[in-house]
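Okay, so here's the structure we're looking at.
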Amino acid sequence: MMLINILGLLLIALIVWWFWLYKPGEVSISEEDIVVTVENGTYQPSRLKVSAGKPVTLTFLRKDASPCAATVIFSGADISEELPLNKAKAIALPAMQPGEYSFTCQMQMYRGTLVVD
Amino acid sequence: MENNFNKDGDRGSDKKPENAKNDVVTQELIIEGASCASCVAKIEDALKRVVGVDNAEMNFAQRTASVTGNVFPELLVKAVESAGYNAKTSKNESDEDVLEEKEQADLIYYRRLMREMTIALSLGVPLMVYSVIGGEMTVTTSTERMAWLIVGLMTLGVMVFSGKHFFVGAWRSLLNHSANMDTLIALGTGTAWFYSMVVVFFPSAVPDMARHVYFEATAMIIGLIDLGLALELKARGKTSEAIKRLIGLQVKTARVIRDGEEIDIRIEQVLLNDQVRVRPGEKIPVDGVVLEGHTAVDESMLTGEPMPVEKVKDDEVVGGTINKSGSVIFKATRIGKDTALAQIITMVKRAQNSKPPIGRLADVIAGYFVPVVMIIAVTSALVWLNFGPAPALAYAIVSATTVLIIACPCALGLATPMSVMVGVGKAAEAGVLIRNGEALQTCSKITAMILDKTGTITLGSPKVTKIHLANATDEDDVLQMAASLEAGSEHPLALSIVESAKEHNLKLDSVEKFNAITGHGVEGMVASKHLLFGNEKLMREQQVEIANYIGTAQAMAEQAQTPMYLAVDGHLAALIAVADPIKDDSISAIKRLQRNNIRVVMLTGDNRATAKAVADKVGIKEFFAEVLPEDKAKKVAELQMQNEIVGMTGDGINDAPALALANVGFAIGTGTDVAIESADITLMRGSLHGLADAIAVSKATLRNIKQNLFGAFVYNVAGVPFAAGVLYPFFGLLLSPVIAGAAMAFSSLTVVTNANRLRLFKAEEH
């Protein structure tokens, strides 16, 4: 029983670490543009790095038929765009201040981070 | 770790050509700015140099280019632009096509979900019925083991066929360090199935009493959630009805006159300054100015104004409105993305997806929700194992599964956006364009409304309302003289006199020795007569006898008219009253605001007497006269100091600072000026009823959001502990995972359905 309890607590610790404490690596956006794929409930890659003070264009490709995936919202930049299914969609972002901005679906279930520095 | 991830990202970009690009296809581009045949070679050359293009040919007559190859259309447009021309893709670019495609995709997805639901429920329902009528769900004999093994494998089939998207989604987001609804469903149904399979394979590893299988739960939950998703998809379709209607207003073809010939062309091919012919009953294709003909146009779809609007030469027409009575030729002044309709669509779309501050807390919660639920599930299982009655293991599994299944982050996440979607669309239907969610929310709280007088309460174009004869004998003569004198003046009152003379078809004489006396009026010689035209001060200074007419002038001022004296050769000829008429429905609209307990305040640069007269007429008690344009913002600040949530209404040009400072700035548009930058809300129609409509819609929307949020919070806050079994020690109550699945599937459907109720909202009758 002791063992099960310890395992349970470890599982909780793992959940906390995996979802909250862990910082995934970033993908820098440079001249060669990166396509963010919207698939299976995720943005791939989900952590994008861009330079501050420079407008960038991100390309999204939605392969997820769920209506949740149909809109991507950059709340910090007041941008929300509809993503057509299986078709690339370019989204122009204005020059931004350094910081971390999240981009999400309408319901916040698909989440990505835009790191501006 | 970081390296690995980078590789992942790179793989993402390597994938691009195979996934994102189509195979070799022929695309058509519309080329603008190609004026000579030599451009053709240049454009073709530029297109051919794009990687992936096999061939490019331009049709100069049609100003189109067809390009064959495997390439993004955006790149082609860029290439043409860098060659110094403009290009548009002609295919799959119109909003209508995008919408159709989306609906098509949704339909396919809907059918898939229904198919998956049918399969899952056709296994789940019989199992469920079996267990309800008292069938043995435990594993004791070897025959039972065999039978349940077969059922278990069938359930696995259901999980693969009907629930694959949950499991793949859960796995992918897990790798991504994120968690969503899929995670919960996959974990919940997966746990139930896995435990059941352990019971089937190793019954001895499980205590006697806990040898229960839960295959029916897995199949039922997957089926019910698929059903919920399918129904939600249908309901969601309805939330975008308003934008669909706007998109549907866009016209596909236009009839233009080129080289003296009328030709029908696609709307994308209409160029600026093209002469466009519209016949009765047809839709006006783009924005423009009437060159020939007169007609009445139904603009209700954009402005909410039910009466058709008369259009004559030099009047503006707006694309998407319907030409009712006459045939007109107009000059295209705005095309493509610049038309009012296109801008409205963009604005409404953006606003529909933006979030009012009230939704932010829900967003923050939604962000932490899933891992928290997972932790609760683990905790609950541990508590059952440690303190629960026998069979503790079975209880632990059931409670963990139920917690995972019942929690619905979707209801929480959907609560705000669905209502905003419907509310903003509803407002747009009434001719009220709301910039974003924040404006929507603040608008619902407005306590004071400042109205600019000129152009807001009044029409903004002064007209001659009365001519009171003194020594003159003919009104037209008076008008003719005054207009001749003022013909060169820019003053708005002068313009109204000239305008009025034009309406009476009076011929104007030339003026000599014209002299404008600031603050007083003007003087000059017309047809050898010395004319003086201006206010009382001017007459007194020039010693014109007016004593008998001062009373008349005062009476005019009290009726919100501005009196002006005309003297001919030193004798008063007549008094001309000029007034800016109050819009027909200003009085009823202001009453409507006041009925809603909104403090209405009027601002004007006019003199006190006129201001008071207008305020009295429309029923406004508080007004500020002689306010300089730059002081309007100060008045907004003053009201804000009194703890009022201030709405400011103006024309959006002179009032920009005041509009920007107000909690909500309303701009009164004229039908074509849609994107008034300083305004939070633009009224497409000149009527002030738009204000009350905007406030009513925003209040209804906010109420709807609150209902949704409340429902979603209560559902989760009550549902999760119930599922974990907090009621068991007191009442012996424990929720079945299947019921949890049904509750979860229908909770988000309820949110969407409630948001759809907003579609029935009707603003108060005017």
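Chain identifiers are assigned alphabetically (A, B, ...) following the order of the sequence lines, protein sequences preceding nucleic acid strands; residue numbering begins at 1 within each chain.
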Separation between CD1 of B/Ile375 and CG of A/Leu9, rounded to the nearest 0.5 Å = 11.0 Å

For residues A/Gln44 and B/Arg172, determine if any side-chain heavy atom of one lies less than 4.5 Å from a side-chain heavy atom of the other.
-> yes

Which portion of A/Leu11 sits near chain B, non-hydrogen atoms under 4.5 angstrom = side chain

B/Ser178 and A/Thr42 have their tightest heavy-atom pair at OG-CG2, 4.4 Å

By a 4.5 Å heavy-atom criterion (distance strictly below it), what part of B/Ile108 contacts chain A: side chain, backbone, both, or neither?
-> neither

Interface residue of largest heavy-atom contact number with chain B, from A/Ala90, A/Gly112, A/Pro84, A/Ser66, under 4.5 Å = A/Ser66

Contact class of A/Tyr43 relative to chain B, heavy atoms under 4.5 angstrom | backbone

Looking at B/Leu113, B/Val378, B/Val372, which one has more heavy-atom pairs under 4.5 Å with chain A than the rest?
-> B/Val378

Any side-chain heavy-atom pair from A/Asn40 and B/His165 closer than 4.5 angstrom?
-> no

Output the distance between atom CG (A/Asp64) and atom OH (B/Tyr109), rounded to the nearest 0.5 Å.
-> 6.5 Å

Is it the side chain or the backbone of B/Arg236 that comes within 4.5 Å of chain A heavy atoms, both, or neither?
-> side chain

Say whether, by atom type as modelled, one donor and one acceptor occur between the side chain of A/Trp20 and the main chain of B/Pro371 under 3.5 angstrom.
-> no

Do B/Tyr368 and A/Phe19 have side chains that get closer than 4.5 Å, going by heavy atoms?
-> no

Find the one option among B/Val168, B/Thr416, B/Asp106 whose heavy-atom pairs under 4.5 Å with chain A are most numerous.
-> B/Val168

Rounded to the nearest 0.5 Å, what's the gap from NZ on B/Lys349 to CD on A/Glu82? Could you check?
-> 5.5 Å

Smallest heavy-atom separation, B/Ser173 atom then A/Gly41 atom, equals CB-O, 4.3 Å

Do you know which of B/Leu233, B/Thr183, B/Leu385, B/Val370 has the most heavy-atom pairs with chain A at a distance under 4.5 angstrom?
-> B/Leu385

For B/Phe166, is it the side chain, the backbone, both or neither that has a heavy atom under 4.5 Å from a heavy atom of chain A?
-> neither

Between A/Leu85 and B/Ala105 the two heavy atoms that sit nearest each other are CD2-CB, 3.6 Å

Charged N-O contact under 4.0 Å between B/Glu101 and A/Lys87 | yes

For each of B/Asp182, B/Asn386, B/Leu229, tally heavy-atom pairs with chain A at distances under 4.5 Å, and name the one with the top tally.
-> B/Asn386

Classify the ring geometry between A/Tyr22 and B/His177 as parallel (under 30°), tilted (30 to 60°) or perpendicular (over 60°).
-> parallel

From the list A/Ile73, A/Thr71, A/Ile12, the residue making the most non-hydrogen contacts under 4.5 Å with chain B is A/Ile12

